[in-house]
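Working notes, structure below.
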Amino acid sequence: MQKVCKTLSNKIANMSLLCSLMVVVIHVLKREQLTGSCAWHLRRICGEGLCRIAVPFFFAAAGYFISVHFNEKGWYWREVSKRIKSLLIPFFASSAICFVLCSILIAAGNIQNGKSLWDGLVTGKRLLIAFGVNPFTVPELRQLWFVRVLFVLVLLSPLLRLVGEKLTKALGKSVYIVMLWLCWTGGKWILGKFISHDVWISLNFGYFSFEGVAFFMLGMYLQTEKINIYRNNIKVGCAFLLAGFLGLVAHCPACVVIPLLLVGAWLCVPDNPLPVRIQGLHFPIYLVHLNVVFVYFAFLDSKHITNMAYFFDPGVSVLGELVGFMIVTFVSLAICMALQRLSASHAMLGRILFGGRK
């Protein structure tokens, strides 16, 4: 059985942890800010800029890791079985937890607004969305769209492998990379101008994703072609990051800026191993944090801190964005570490919640 070398594995794990924190930034900064304010600019540069490298990286890393096993006997069913445990079970467990939490928040809101306790609480439409069945919208726990798409891509990996090999041979390696970029660019940004919003959502955040296919196949390509992606070069990395940030300031298209920022971040991330408990937290943080965001935003909307909004509300100030990020991150870390500790003595819990990750 092939393995990824330890230093590269450490680098990918460190990048994964960084990207999971970037996803936290994206969701914390989702509060609506006044256009042109400092908070709005920070969201545009970070939440809608730099941090958008996270999901492409996750897809590329997943494609890279699965392709390591392509030449092993019985690899397909073994890898699918592993991902039923590591992706599908946590997907439904997280959906259920979010459904219960959001039900409590909805019920509290109903009481506060003088509505019936059960208003909008349990409907067929909500259940289909909450548990990821509806392909025309993201799940109630929004980041789970990535887990849903990733599992579909794993199921399709033999087909994607065959298509990648045929296209690489027919077009050449350079043209193939450009084709993946065009697939991502056209499907995610251009296609939406010609089709309905619901169809565009289903093709990008439903059971399919142009971004997912492009970066998953890129990861497969990098591994199957034995391209050395292990690089540490802070000077070059900073140059790419600077170019990416200048592109953001100049309002360059995301399809140009994101690759620059992704390469820059990859070159700068160290390969020093983090403590095992910290290194394995990227997926738990990814799954847990939005529940914390929901509660945090509900607290902000409750008007109990109206006079303190400047210090806590990501929609009001840069300080609010920073404080909100720190609160959500620390609470998410505390929950994940507590669940990890509990899972040490209740292994089944760890398998259900986080796919057995430690």
Establish whether [X] and [Y] are linked, either directly or via other cluster members, by ILVMFWY side-chain heavy-atom contacts under 4.5 Å.
X      : Y      : answer
Leu159 : Leu150 : yes
Val318 : Leu21  : no
Ile229 : Val4   : yes
Ile97  : Phe92  : yes
Ile285 : Ile89  : no

Exercise for the section: Look at the rings of Phe210 and Phe208 and say which category their plane angle falls in: under 30° parallel, 30 to 60° tilted, over 60° perpendicular. Expected result: perpendicular

State whether the number of non-hydrogen atoms from other residues, nucleotides or ligands found under 6.0 Å of [X] atom [atom1] is greater than 12.
X      : atom1 : result
Ile234 : CD1   : no
Phe311 : CZ    : no
Phe240 : CZ    : no

Do the side chains of [Y] and [X] get nearer than 4.5 Å, heavy atoms only?
X      : Y      : result
Arg142 : Phe294 : yes
Val331 : Tyr296 : no
Arg52  : Ile26  : yes
Val23  : Phe58  : yes
Asp313 : Arg31  : yes
Val147 : Phe283 : yes
Trp145 : Ser209 : yes
Phe59  : Leu153 : yes

Please give me the minimum heavy-atom distance between [X] and [Y], naming the atom from each residue.
X      : Y      : result
Arg148 : Pro139 : NH2-CD, 3.8 Å
Met22  : Ala54  : CB-CB, 4.2 Å
Lys82  : His69  : NZ-NE2, 4.3 Å
Ala93  : Ile352 : CB-O, 3.4 Å
Val295 : Leu101 : CG2-CD1, 3.8 Å
Pro259 : Ala254 : CD-O, 3.9 Å

Heavy-atom donor-acceptor pair, [X] side chain to [Y] backbone, under 3.5 Å:
X      : Y      : result
Ser202 : Val199 : yes
Ser345 : Leu342 : yes
Lys11  : Val269 : yes
Asn113 : Gly109 : yes
Asn110 : Ser116 : yes
Ser157 : Val154 : yes
Lys30  : Val25  : no
Ser317 : Tyr310 : yes
Gln33  : Pro314 : yes
Tyr221 : Phe215 : no

Practice task
Go through the steps for Leu141 and Ser95 under the test side chain to side chain contact (heavy atoms under 4.5 Å, CB included), then give the verdict.
Solution key: CA-CA 6 Å; Leu141 193 63; Ser95 297; 5.8 Å; no

Reported [atom1]-to-[atom2] distance for the pair [X] and [Y], which is rounded to 0.5 angstrom:
X      : Y      : atom1 : atom2 : result
Glu72  : Glu79  : CD    : CD    : 7.0 Å
Phe131 : Cys98  : CZ    : SG    : 9.5 Å
Ile129 : Asn134 : CD1   : CG    : 5.5 Å
Leu290 : Leu144 : CG    : CG    : 8.5 Å
Trp40  : Leu34  : CH2   : CG    : 10.0 Å
Asn228 : Lys226 : CG    : NZ    : 12.0 Å

Exercise for the section: Go through the side-chain N and O atoms of Asn232 and Asp271 and say whether any donor and acceptor fall under 3.5 Å apart. Expected result: yes

Exercise for the section: State, without any angle test, whether Arg44 and Thr35 hold a side-chain donor-acceptor pair at a distance under 3.5 Å. Expected result: no

Exercise for the section: For Glu165 and Thr224, run side chain to side chain contact (heavy atoms under 4.5 Å, CB included): C-alpha distance rounded to whole Å, both residues' side-chain angles, the deciding distance at 0.1 Å, then the answer. Expected result: CA-CA 9 Å; Glu165 289 174 349; Thr224 55; 5.8 Å; no

Handout entry: Criterion side chain to side chain donor-acceptor pair (under 3.5 Å) on Arg43 and Ser37, from CA distance to verdict
Key = CA-CA 10 Å; Arg43 174 182 173 180; Ser37 65; over 6 Å; no

Exercise for the section: Give the intermediate values and the outcome of side chain to side chain contact (heavy atoms under 4.5 Å, CB included) for residues Phe99 and Ile104. Expected result: CA-CA 9 Å; Phe99 180 81; Ile104 294 172; over 6 Å; no

Establish, yes or no, whether a centroid distance under 6.0 Å links the rings of [X] and [Y].
X      : Y      : result
Phe151 : Phe91  : no
Phe146 : Tyr286 : yes
Trp200 : Phe205 : yes

Fill in the blank from the handout: The single option from Leu339, Leu287, Val288 that satisfies side-chain contact (heavy atoms from CB on, under 4.5 Å) with Leu353 is Leu339

Problem - side-chain contact (heavy atoms from CB on, under 4.5 Å) partner of Ile12, the single match among Asn10, Asn14, Leu8 - result: Leu8

Practice task
Show your working on side chain to side chain contact (heavy atoms under 4.5 Å, CB included) between Ile327 and Phe299 and close with a plain yes or no.
Solution key: CA-CA 12 Å; Ile327 290 175; Phe299 174 66; over 6 Å; no

